[in-house]
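Remarks on the structure that follows.
Nothing here was measured: the structure is a model prediction, and the numbers come from that model.
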Amino acid sequence: MGIVDRGEHDDEVARALEALRTRLTGTLVEPDDPLYDEARRVWNGMIDVRPRAVARAGSVADIDPVLATAQHTGLPLAVRGGGHNVAGHGTVEGGLVLDLSALRRVDVDPGTRHVTVEPGATLADVDRATAPHGLAVPLGVVSATGVAGLTVGGGVGWLTRSNGLTLDNLVGAEVVTGTREHLHVDAERNPDLFWGIRGGGGNFGVLTSFTFLARRLPPSVLGGNLFYRRPQWRTALQAYARWTADLPDEMNSIISILRLPPGFGMGDEPFLIVGFAWMSPDHEDGLRLVERLRADAPPDEEEVGPVQWPEWQSAMDELFPRGARGYWKNASFSRMDDEVIDALLGFATEVTWFGTGIDIHHMEGFFGRVPAGATAFPNRSSRYWLNVYGYWQDPAEDARLTAFARRAHAAMAPFAELGQYVNFLGAEQGPVTPEAARQAYGERTHRRLVELKDRYDPGNIFRLNHNIVPSAA
């Protein structure tokens with residue numbers, strides 16, 4: 001494109017954005033606006049890009065004109081819910097951001113246990129609305145996370161074994177597709193798209209409303225953490241492998257290896273922590289299960305007792321403040337024998353500074369019984385999911401700590417099974433390649449997702465995600 005053509009295009013974009021401003025119920029924020037730096041920020045402080053404009057939606061009615069403007073101008077479009085995506089897919093350099101973060105309403109029907117959520121809501125918004133009714137939607141583990149992105153990519157958290165992924169509890173949604181259709185999707189209406197949005201991410205449209213079936217909560221949850229200092233890590237991992245061999249679904253657990261923030265009062269040394277949430281009103285049964293692990297691997301410290309659900313769900317929020325610099329890797333595996341434990345300890349011993357951590361989620365249970373192919377989520381058979389993550393503040397640490405995450409991920413590659421947690425794809429701060437998406441989903445699921453892309457977003461307007469490329473592209 002020549003200089004004149006570029007100038008004409010810029011003028012056309014400026015006119016289109018000015019026309020968009022007049023149609024919005026919300027606001028359009030451009031670089032000369034005093035609110036621009038705030039509007040362009042996302043959770044991950046490593047993502048520092050400058051969109052051409054941020055459309056802050058005031059209602060779902062703003063979605064159509066934003067999509068029309070992106071299609072007319074050719075500006076790349078990013079869709080932002082809670083803005084917590086590690087890879088920064090909620091923003092775009094030089095493009096147009098549809099920011100839905102102000103749309104946070106949550107409606108609860110205690111009789112049907114249906115919970116309807118707007119696309120900007122966070123986990124905390126949902127927990128605040130559902131807990132007074134003795135209900136919970138299975139979500140993630142950090143309450144500032146956006147519900148929308150979490151759901152369409154998976155949703156692994158404290159209820160995964162007892163009630164499945166977040167997307168397993170989605171019973172319906174409203175979608176504006178890339179072809180500008182407004183569709184309700186559920187198991188009976190547009191079931192193909194309902195399958196695709198449960199794991200296929202934001203590839204097909206903007207989800208304007210989510211309806212979940214909530215689970216009933218016991219009056220209090222039995223929660224706890226068993227803390228192990230470094231000399232005990234091998235013993236704890238071996239005991240955990242034995243413990244998780246035959247647990248009932250109600251026992252949800254996550255291993256974390258990290259150095260805790262000062263507010264936890266645990267000093268400067270890193271700990272291996274077995275965290276658990278027992279989702280049954282019979283705390284005695286849960287305590288007996290915990291005693292099995294405690295007897296096999298006595299902890300150095302522990303905290304165990306009843307806790308209210310919103311408190312438990314937000315307990316780790318301090319680790320992930322807005323603006324932290326985040327870089328995450330994921331792998332799934334099923335063995336936890338001595339060879340795998342050697343690999344885990346090989347990189348876990350590097351966690352000596354505050355700012356990185358390792359989580360091992362025990363899967364199986366409800367999650368593992370969902371038939372393969374029932375949703376677009378890529379892997380139901382692995383026993384464990386490993387997350388290696390960072391949450392540091394100093395940009396000078398970027399190279400060192402991202403390299404650690406890559407080394408850890410590579411060390412687990414010999415034991416990894418099919419399937420990546422697609423919400424972490426793109427953590428290299430670049431577009432997800434078609435081959436990476438294909439490998440993450442597996443050939444059969446990926447092929448089915450391409451068919452949906454051809455039907456609902458053939459122009460690939462929704463490409464700032466773990467992108468499924470339409471066949472004609």
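Partners of D249 under the salt bridge (charged side-chain N to carboxylate O under 4.0 Å, His left out) rule, at least two apart in sequence or in another chain, are R369. Partners of W392 by side chain to side chain donor-acceptor pair (under 3.5 Å), not counting sequence neighbours, listed by chain and number: D398. The salt bridge (charged side-chain N to carboxylate O under 4.0 Å, His left out) check on D359 picks up nothing, with sequence neighbours excluded. Annotation: side chain to side chain donor-acceptor pair (under 3.5 Å) contacts of R335 (sequence neighbours excluded): D337, E339. Take R229 and apply the salt bridge (charged side-chain N to carboxylate O under 4.0 Å, His left out) test, not counting sequence neighbours, and it matches E269, E301.
The closest side-chain heavy-atom distance from V274 to N225 is not below 4.5 Å. Residues V126 and V147 have side chains in contact (heavy-atom distance under 4.5 Å, counting atoms from C-beta outward). Residues K453 and N467 are in side-chain contact: their nearest non-hydrogen atoms beyond the backbone lie under 4.5 Å apart.
Once rounded to the nearest 0.5 Å, the distance linking CG of L272 with CD1 of I257 reads 4.5 Å. To the nearest 0.5 Å, atom CG of residue L345 and atom CH2 of residue W233 are 8.0 Å apart. Residue L452 holds its CG atom at 9.5 Å from CD1 of I468, rounded to the nearest 0.5 Å.
Under 4.0 Å is where a charged nitrogen must lie from a carboxylate oxygen, and between R325 and D394 no such pair does.
N252 and R161 share no side-chain donor-acceptor pair at under 3.5 Å. For the residue pair Y240 / S253, a side-chain donor-acceptor distance below 3.5 Å is found, with atom types taken as modelled. Inspection of the R41 and T91 side chains reveals no N or O donor paired with an N or O acceptor under 3.5 Å.
Taking the six-membered ring wherever Trp is involved, the centroid distance between the rings of Y389 and F320 falls below 6.0 Å.
Pairs passing the salt bridge (Lys or Arg N to Asp or Glu O under 4.0 Å) check and including a residue from residues 80-91, sequence neighbours excluded, read R80-D99.
Of the options W158, W243, F276, Y384, a ring pair (Phe, Tyr, Trp, His ring centres under 6.0 Å) to H362 is made by Y384 and by none of the others.
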